[in-house]
Engineer: 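Sharing a structure here in structure tokens format.
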Amino acid sequence: MTYRQVPDAAIRAVGLTKHFGTKLALDGVDLEAAAGTVLGVLGPNGAGKTTTVRILSTLLRADRGRAWVAGHNVAADPDGVRRRLGLSGQYAAVDEKLTGRENLYLVARLYGMRRAAARRRAAELLEFFRLLEAADRPSGTFSGGMRRRLDLAGALVAKPPVVILDEPTTGLDPRGRADTWTSIRELVAAGTTVLLTTQYLEEADQLADHIVVIDRGRVIAQGTAPQLKARVGGERLALTVPHVRDRERALGVLAGLGPHRPDFDPRTGRCTVATDDGARALEYALGLLRLAEVPVADVSLAPPTLDDVFLALTGHTRPEPPPGAGAPTPGGRHRENS
Ligand SMILES: Nc1ncnc2c1ncn2[C@@H]1O[C@H](COP(=O)(O)OP(=O)(O)O)[C@@H](O)[C@H]1O
Ligand SMILES: [Mg+2]
């Protein structure tokens, strides 16, 4: 996989390789984030996201390959990297007994700030992350989204020009996710370079200027969200067949629309197929199904989502995180066709 050779890359990794025992976790990962942009590292559980993050943030050494953050080599100058990098790990690292304000004050003091400066910085960050109201409650009483934002605030205490966020919204409810997205957008508007990892395709689509898709320790695709979508081509024709007895027939009709195999979700009865001429395919399919007296519901025609891109690139869908859980289980749904 070639990388883009961005001249002012704030983060650059070339050929990162890492084994854990015999397990090959990273197999030559290349990536770049231009200064002031958001790089989304998108991949399912176990893809190698956290391993990449740990190498970039000097917490782990690569077996092979090189990486730079803000121009500093992670292996040769780890202190230089740490001075310019804010890290928010996959699991929010806040002390639940301390208040939000105390957590940030503590981090600021650890960075060597004097008391007054540490108090000021904590207050600034609480305001920036809309945590002022709850600032003096123990952070153990915070919602998941608030805790995540507090952790993010902790990563920003020293005003780093580069920030790495490892799965910033995994396990958050939609409200917590939306709030975290807003904070990340504000961070970027203020000029910070962000690398964020995610399992959520729509999150990369929403936030990232450039996306690398990783699977099993390799970069399998990269580009902007529209570029990735274009690689899969065509629109998605989807319809729901309410009666089980009709499903074979409906799938047969969709299979006749073109070279793509239809996909079928047995839980919902939803049939989906990629088509190059959506409107005509829709008309044709509905005509045939009407003749066959097959009732259909929820008919739609939509551009491919990043989920479709992932399926097309890897032959498997991303694993679904269990609701509310921070750590999704490995494996995941596999579709029969690819
Ligand atoms: N400390 C470790 N020891 C052994 N295996 C590890 C360790 N850290 C990660 N791995 C393995 O490396 C692979 C990549 O893991 P990770 O980078 O955590 O993936 P992700 O963050 O994308 O879910 C996985 O197969 C994982 O089990
Ligand atoms: Mg991880």
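The structure presented is a predicted model; accordingly, all values stated were derived computationally and were not measured. Counting begins at 1 with the first residue of the sequence. Atoms within a ligand are numbered from 1 in the order they appear, just like the ligands themselves.
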Engineer: Strictly under 2.8 Å, how many protein N, O or S atoms lie near the Mg ion (ligand 2)? Waters don't count.
Structural biologist: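 If we list every protein N, O or S atom nearer than 2.8 Å to the Mg ion (ligand 2), we get 2.
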Engineer: Does some side-chain heavy atom of D246 sit less than 4.5 Å from a side-chain heavy atom of P295?
Structural biologist: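 A side-chain contact exists here, since the closest heavy-atom pair is under 4.5 Å.
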Engineer: Compile the donor-acceptor pairs under 3.5 Å between side chains in residues 276-284 and protein atoms, sequence neighbours left out, one pair per line.
Structural biologist:
residue: D277; atom: OD2; partner: R280; partner atom: NE; Å: 3.3

Engineer: Enter the distance from E186:CD to R130:CZ here, rounded to the nearest 0.5 Å.
Structural biologist: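 Taking CD in E186 and CZ in R130, the distance rounds to 5.5 Å.
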Engineer: Which protein residues have a heavy atom closer than 4.0 Å to any atom of ligand 1, listed by chain and number?
Structural biologist: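 Within the 4.0 Å shell of ligand 1, which is judged on heavy atoms, sit F20, K23, A25, P44, N45, G46, A47, G48, K49, T50, T51.
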Engineer: Is there a donor-acceptor contact under 3.5 Å from the side chain of K18 to the main chain of T51?
Structural biologist: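 Checking the backbone N and O of T51 against the side chain of K18, no donor-acceptor pair under 3.5 Å is found.
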Engineer: Please identify each residue that fulfils side-chain hydrogen bond (donor to acceptor under 3.5 Å, both in side chains) with S139, with sequence neighbours left out.
Structural biologist: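 In terms of side-chain hydrogen bond (donor to acceptor under 3.5 Å, both in side chains), with neighbours along the sequence ignored, S139 is linked to N103.
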Engineer: Tell me, do R149 and L131 make a side-chain contact under 4.5 Å, heavy atoms counted?
Structural biologist: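 They are in contact (side-chain heavy atoms under 4.5 Å apart), so the answer is yes.
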Engineer: Side chains of K49 and V53: does their closest heavy-atom pair fall under 4.5 Å?
Structural biologist: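 No, too far: nothing below the 4.5 Å cut-off.
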Engineer: Main chain of V38, side chain of D209: is a donor-acceptor contact present, judged purely on distance under 3.5 Å?
Structural biologist: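 Checked: pair present.
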Engineer: Taking the side chain as everything from C-beta on, heavy atoms only, tell me whether M113 gets closer than 4.5 Å to V157.
Structural biologist: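 Counting from C-beta outward, M113 and V157 do come under 4.5 Å.
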